[in-house]
Amino acid sequence: MIITRPREWERITDGLNSIDAGSVFIMGCGQCATVANTGGEKEVIEMKAALEQAGYVVSGWAVGEVTCHLGGTKLESRKHHGEIDDADAVLVLACGAGVQTVADSVSKPVFPGLESLFLGNVMRHGVFEERCQMCGDCVLDLTAGICPVTTCPKGLLNGPCGGMWNGMCEVLQDRECTHVRIQRRLKEQGRNNTAMLPPKDFSTKLKPGNVNLRKKRGGDRP
Amino acid sequence: MSRFREALERGEFVVTGEVAPPLGTDLTSMRKAVETVGPHCHALNVTDNQGATLHLSSLAASRVVMDMGYEPIFQQTCRDRNRLALQSDLLAAWTLGLQNLLAVTGDDPRSGDHPHAKGVFDLDSTQLAAIATAMNGGHDMLGRELDGATDFLVGAAMFPEAEPWEIQLIRAQRKAEAGVRFFQTQAIFDMGKLERAVEALRPMGVKIIAGVLLLRSPRAIDFINRKLAGLMVPDHIADRIRRADDPAEEAIALATEQVRDIREIADGVHIMPLGMDGAVGRILGNKSS
């Protein structure tokens, strides 16, 4: 899931004040931002109270089921069209994908209420770790299911680097070196990995990503 | 052929030193260091934004060292350049007359003076060594023919004291397979571990140049333990310097003993004087200095 954190309050109000917005509609997200405790119903209601405390009028709020889904968000916006019409701005408590989807669905200026951080594994409730960077050129088959691109701070394919000490990472000193973990797990599984991993194909990560499964309707996959 | 390479291939015990390019354009202090350390060494490593802090480029500074009549080892880290820039700089280095290369990963930007920089790490040091080797064979990393090849002596870093050794060894073997012909090691404090590394890697046809660090003061030791990646000064050695009446003299005595031991084990010694450039001759037992 996409991990987010609340945006600094001053940056939110600076944004709203930059267009002299007195009235705000709030849109949350029922997926990742709900699990991350940043944009679910609870946080949207808290944001409403905070905005009202600061002197803004909240014309209404909604929590989109999947706010990054264009069709669903357009539908959700139509359901609340009166409240959105009454607002000077829409504040979105979702990831950057959600913010842009809302911006494509309403005619009002849209502001982000969260910062988008990473694709996270949910280790347990409220504890998230980045394990995959969605690089499009997976090496997990060669690295015992541990991604060096993401979990090594330098993203080295062939490690460890010279900073490893007693099996620990140089940069994140409370963590075991990714390459030590990879080699140990490979050995435990009786796998041999002594060959150099070749340089990665970074063209798979060129922006912006685009996949279209509707081949018959003229789309193509990258 | 480079004198350094010739000496290594002849089986001579080699000495390498280290100079840091300036933060700025005034080369006076670097030249002074070269003139002090250079006469004792077969070659001088020229660092590449060492410690992830900004300095004049190793490429230009290596050429300065060469023009002064000494032999540089051009250091290239993977931190600041992508594969296009790295390959382009390798070609540049060869045309500038630089014949010795040390391919290293590079410290993380977060540990340096530009902590907000993007760490590139498009390639790692093993891959970089493999590409330099390919260029020696007349090809770029894609296998396309070069209009004029290189003939670098390719080196890399090695860490005989960083455990787990088994993983260090796999890493070093991968580098040797990538065409690395010499290793310069992190500072050695445990000669048994150096022996272990030499025994494991010599059969692969690589030379081991063991690092010696001049532990000039208790403060320097604290700095090393806190700031230098992949290195801890063992307590019994740190205590020896800390308790000495004259820590700098004791550091010279210690380094002299280490060089003597290394002569029996490895193919060369890499001196890191940490500012005590004037002591390098004494450490090596050169009477002239």
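Order of the sequence lines sets the chain letters (A, B, ...), proteins ahead of strands, with each chain counted from 1. Hydrogens, waters and symmetry mates play no part in the numbers below; they use all other heavy atoms, side chains included.
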Does anything in residues 163-176 of chain A reach chain B? List residues with heavy atoms under 4.5 Å apart, or say none.
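At a heavy-atom separation under 4.5 Å, chain B is reached by Gly163(A), Met164(A), Trp165(A), Asn166(A), Gly167(A), Glu170(A), Val171(A).
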Identify the heavy atoms of Arg171(B) and Gly159(A) that sit nearest to each other, and give their distance.
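Distance-wise, the nearest heavy atoms are CD-O, 3.2 Å.
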Smallest separation among heavy atoms of Pro153(A) and Asp108(B), with atom names
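That closest heavy-atom pairing would be O-OD2, 4.1 Å.
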Region of Asp122(B) that comes under 4.5 Å of a non-hydrogen atom in chain A
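Asp122(B) touches chain A through backbone and side-chain heavy atoms alike.
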Is it the case that the side chain of [X] and the backbone of [Y] share a donor-acceptor pair, with hydrogens and angles ignored and the cut-off at 3.5 Å?
X	Y	result
Arg174(B)	Asn158(A)	no
Gln127(B)	Leu197(A)	yes
Lys154(A)	Cys78(B)	no

Would you give the length of the straight line joining atom CG of Asp124(B) to atom NE2 of His179(A), rounded to the nearest 0.5 angstrom?
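Reported value, rounded in 0.5 Å steps: 8.0 Å.
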Interface residue of largest heavy-atom contact number with chain A, from Gln168(B), Met232(B), Arg79(B), under 4.5 Å
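Answer, by heavy-atom pair count under 4.5 Å with chain A: Met232(B).
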If you draw a 6.0 Å radius around [atom1] in [X], do more than 12 non-hydrogen atoms from other residues or ligands fall strictly inside?
X	atom1	answer
His139(B)	NE2	yes
Glu129(A)	CD	yes
Glu166(B)	CD	no

May I ask you to name which of Gly162(A), Cys177(A), Pro198(A) has the most heavy-atom pairs under 4.5 Å with chain B?
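Looking at each of Gly162(A), Cys177(A), Pro198(A) in turn, Gly162(A) comes out on top.
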